[in-house]
Amino acid sequence: MQAPAVGGVSAPRGNGKAISLPQGASLTDFAEKIGANPASLVAIMMHLGKMLTATQSVDPDDLQALGLELDFEVHVVSPEEEDRALLESFDIEYGEDEGGEEHLESRPPVVTVMGHVDHGKTKLLDAIRHANVQAGEAGGITQHIGAYQVETQVDGEDRKITFIDTPGHEAFTAMRARGADTTDLVVLVVAADDGVKPQTTEAIDHATAAGVPIVVAVNKIDVEGADTNRVRAQLTEYGLVAEEFGGQTQFVDVSAKQGTNIDGLLEAIILTADAELELKANPDMPAQGSAIEAHLDKGRGAVATVLVQRGTLRVGDSIVCGVASGRVRAMLDENGNSVEEAGPSRPVMVLGLAAVPGAGDNFLVVEDDRVARQIADKRVARKRNAELLRSRKSSSLEELFKDFQEGKRQELLLILKGDVSGSVEALEDSLLKIDVGDEVSLRIIRRGVGAITQDDVNLSLASEEGAVIIGFNVRPERNAQELADREGVDIRYYSVIYQAIDEIEAALKGMLKPEFEEVQLGTAEIREIFKVPRIGNVGGSMVTSGIIQRNAKARLVRDGVVVADNLTVSSLRRFKDDATEVREGFECGIGVGYNDIKLGDVIECFEMREKPRD
């Protein structure tokens, strides 16, 4: 029944009826729920002092105010509730093994390695899997998550253990916490010469909160000043009492550098898992699990490292992971070998997704590609609505500081793009923890993986409050850079996470006064590769913009992602002659002291210029 509403507009009275709406819902969505004309709801909102269009995302408080006006009780559904309802609509239950006890089989333990920075977590994993991950890490700190499965023998029986490698810097608290949530057991690495440190206690807190047992690896026993008993005594204060002291926690003395007692550590992990945990899963059901890490690969598209938690994942399965869907084209193990199927506790790299999922997203196998696409499309729509709701004209950080100081602005908006989802999530978590009081705040309106796109710049332009784009180990696509330059959108680039945190914190405090700024001189595209004695690989290049100068700083960009930074143009030639600079439109040979160059790579040449203080 229609009844006159506020302002003389007709809308149905609900007699207190409850309705549910997703976050980011529009007035059109509201109107469909109650059988009203969207235009009438626009008029009511105008009367309530809100200028909104029928298709614009509406703040939850405004939706509830509109509900009160029309005598409806509006419940704004959380993303988790909405996702649960979405899966139930497809008759899918996530997070439970199908069948009874007779369908369950033993599975390997999933282990997370935690501890303080520089205590040797990465070296310990290197020793366990005979690989070297740390060499490629910025600042020597692990910034990406990996997952690996190893084999060991306990009491003459072959056993498997899955390791999840979590980053070591305190900025990555969120990633470590997620690691503890997806893990069965934690290996706490403590340096024998350094003892308990802040991140050690932080790791204990995460493991305790997740309710998982802990095995302590006392590392660096070969270093001068090592005192394993001191470590045992210190950890007693945190409830980790060694077996030799009458407790239940296994302590294993190891040297990751020398490879000492690694087998003893693996045995302690198996024994602790057997004694304290009953690890079982049903391998005969459609696979479910979590994405540990994901990135965009130039040749292979979206690549995700997933951990199967129940069921068996097979090549050819239709899969949905967060907002990404697709068919599993291929699976690779930690050594790059193809595998046809992966059972519970098995980490694999999956190829075939149409988009890059987020780190920590749940994945599940569905009956066909159509269902996978439908679930992913609904999640994408929900994510887009949330972004529209969060977004608010664009300006630079320096302009924002002036606004802060003059009292014109109380909020800094950011768009985050990175090379892998784990880094983006960790950066977001760290930035949101910056506390500079109640007068200013920070809001992230989008985060994503891959090169900075034209869509990111357009979102920055569309935001009323002004959004700054942060690129973590990524660069903008050419059309995105041109649009940003033309419209004055501020894009900032970082390769180490705490530099970004420090600068944004300084921005929020109104203290950002950089002494130097990066000025791009020019770019060149590699079109041929030549091997030159005593110099190495030289890129036969075409200068596509600006100038390339000898001895200038340079970086190598591949498909929008920075693959090598802090380089120098050490060799510059036009045909057989040395050159001091080469301008746009000319060909030249460029050597930057980095041999892993490929056709299509872009060499960016820049210099750091002193910037006068305000």
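Note that the structure is predicted; figures quoted are calculated from it, not measured.
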Item checked: Main-chain N/O of G322 paired with R379 side-chain donor or acceptor, under 3.5 Å -> yes

Result for side-chain contact (heavy atoms from CB on, under 4.5 Å) between L427 and one of I501, L432, L414 points to I501

For residues 235-248, which side-chain N or O atoms pair as donor and acceptor with protein atoms under 3.5 Å away, sequence neighbours left out?
from	atom 1	to	atom 2	distance (Å)
T236	OG1	R232	O	2.8
E244	OE2	R232	NE	2.7
E244	OE2	R232	NH2	3.3

message = Quick one, L351 with M331, criterion side-chain contact (heavy atoms from CB on, under 4.5 Å). Give me CA distance, side-chain angles, the key distance, then yes/no.
response = CA-CA 6 Å; L351 280 63; M331 293 192 295; over 6 Å; no

Practice item. Under the side-chain contact (heavy atoms from CB on, under 4.5 Å) rule, what do I270 and T272 come out as? Steps first, then yes or no, please. Key: CA-CA 6 Å; I270 292 292; T272 301; over 6 Å; no

| message | So that I can tick it off, tell me whether D193 and K220 are bridged by a salt bridge, with the cut-off set at under 4.0 angstrom between side-chain N and carboxylate O. | response | no

Q.
Quick one, V254 with V218, criterion side-chain contact (heavy atoms from CB on, under 4.5 Å). Give me CA distance, side-chain angles, the key distance, then yes/no.
A. CA-CA 6 Å; V254 299; V218 184; over 6 Å; no

Review point. Got a sec: does the NZ of K298 have more than 12 other heavy atoms crowding it under 6.0 Å?
Key: yes

Here the gap from S423 atom OG to E428 atom CD, rounded to the nearest 0.5 Å, amounts to 12.5 Å

Okay, side chain of S345, backbone of P108: is any donor-acceptor separation there less than 3.5 Å? yes

All heavy atoms of V196 vs all of V190, minimum pair found to be N-CG1, 4.2 Å

With distance as the sole test, does T312 use its side chain to make a donor-acceptor pair with the main-chain N or O of P283 at under 3.5 Å?
yes

4.5 Å side-chain heavy-atom contact, I375 and V366 = yes

Sidechain-backbone polar pair: D502 side chain, Q499 backbone, donor-acceptor under 3.5 Å = no

For N219 and H119, the nearest pair of non-hydrogen atoms, with its separation, is ND2-O, 3.1 Å

Is atom CD of E102 surrounded by more than 12 heavy atoms (other residues, nucleotides or ligands) closer than 6.0 Å? yes

### Whether N282 side chain and D284 backbone form a donor-acceptor pair below 3.5 Å
yes

Check your understanding: Do V563 and D596 touch side chain to side chain, with heavy atoms closer than 4.5 Å?
Key -> no

*asked:* I want to check something: taking the side chain as every heavy atom from C-beta on, are F363 and Q288 in contact at a cut-off of under 4.5 Å?
replied: no

CD1 of I497 to CG of L431, rounded to nearest 0.5 Å, is 7.5 Å

Taking every heavy atom of V308 against every heavy atom of G343, the minimum-distance pair comes out as CB-O, 3.4 Å

Q. Are side-chain heavy atoms of V303 and R300 found at a separation under 4.5 Å?
A. yes

Original post:
Under 4.5 Å between any side-chain heavy atoms of L125 and F163, yes or no?
Top reply: yes

For atom CG of N337, is the number of surrounding heavy atoms from other residues, nucleotides or ligands below 6.0 Å larger than 12? yes

- Backbone of G422 reached by a side-chain donor or acceptor of E293 within 3.5 Å: yes

When rounded to the nearest 0.5 Å, the distance separating CD1 of I161 from CD1 of I128 is 7.5 Å

Would a 4.5 Å heavy-atom cut-off, applied to side chains only, mark P213 and V186 as touching? no

Quick check: does any side chain N or O of S290 sit under 3.5 Å from a backbone N or O of I292, one acting as donor and the other as acceptor?
no

Heavy atoms of Q309 and P344 approach each other most closely as O-CB, 4.0 Å

**Q.** Non-hydrogen side-chain atoms of V189 and V113 separated by less than 4.5 Å
**A.** yes

Discussion item. Closer than 3.5 angstrom, by distance alone: can the side chain of D297 be matched with the main-chain N or O of G299 as a donor-acceptor pair?
Written reply: yes

For A342 and V348, the nearest pair of non-hydrogen atoms, with its separation, is CB-CG1, 3.8 Å

Rounding to 0.5 Å, atoms CD (Q250) and CD1 (I214) come to a distance of 13.0 Å

Heavy-atom nearest pair, A294 first then V449, reads O-CG1, 4.4 Å

Is a donor from one side chain sitting under 3.5 angstrom from an acceptor on the other, for Q149 and T162? yes

Next item on the list: Verify the distance criterion only: is there a donor paired with an acceptor across the side chains of H116 and D194 at less than 3.5 Å?
Entry: no

| field | Trace of the side-chain contact (heavy atoms from CB on, under 4.5 Å) decision for V252 with V216 | value | CA-CA 6 Å; V252 185; V216 180; over 6 Å; no

Value for CG (L279) from CG (D274), rounded to nearest 0.5 Å, stands at 8.0 Å

May I have the list of side-chain donor-acceptor pairs in residues 258-269 shorter than 3.5 Å, sequence neighbours left out?
from	atom 1	to	atom 2	distance (Å)
Q258	NE2	D222	OD2	3.4
N261	ND2	D253	O	3.0

* Asked: With no hydrogens and no angle check, is any side-chain donor or acceptor of D184 less than 3.5 Å from a backbone partner on V110?
  -> yes

(request) Would you mind checking if E278 and K280 are paired as a salt bridge, meaning a charged N to carboxylate O distance below 4.0 Å? (result) yes

Quiz item: Is there a side-chain contact between V365 and L313, using heavy atoms and a 4.5 Å cut-off?
Solution: yes

>> Just by distance, no angles: are the side chains of E503 and Y494 close enough, under 3.5 Å, to form a donor-acceptor pair?
In response: yes

Taken to the nearest 0.5 Å, the spacing of L567 CG from R555 CZ works out to 9.0 Å

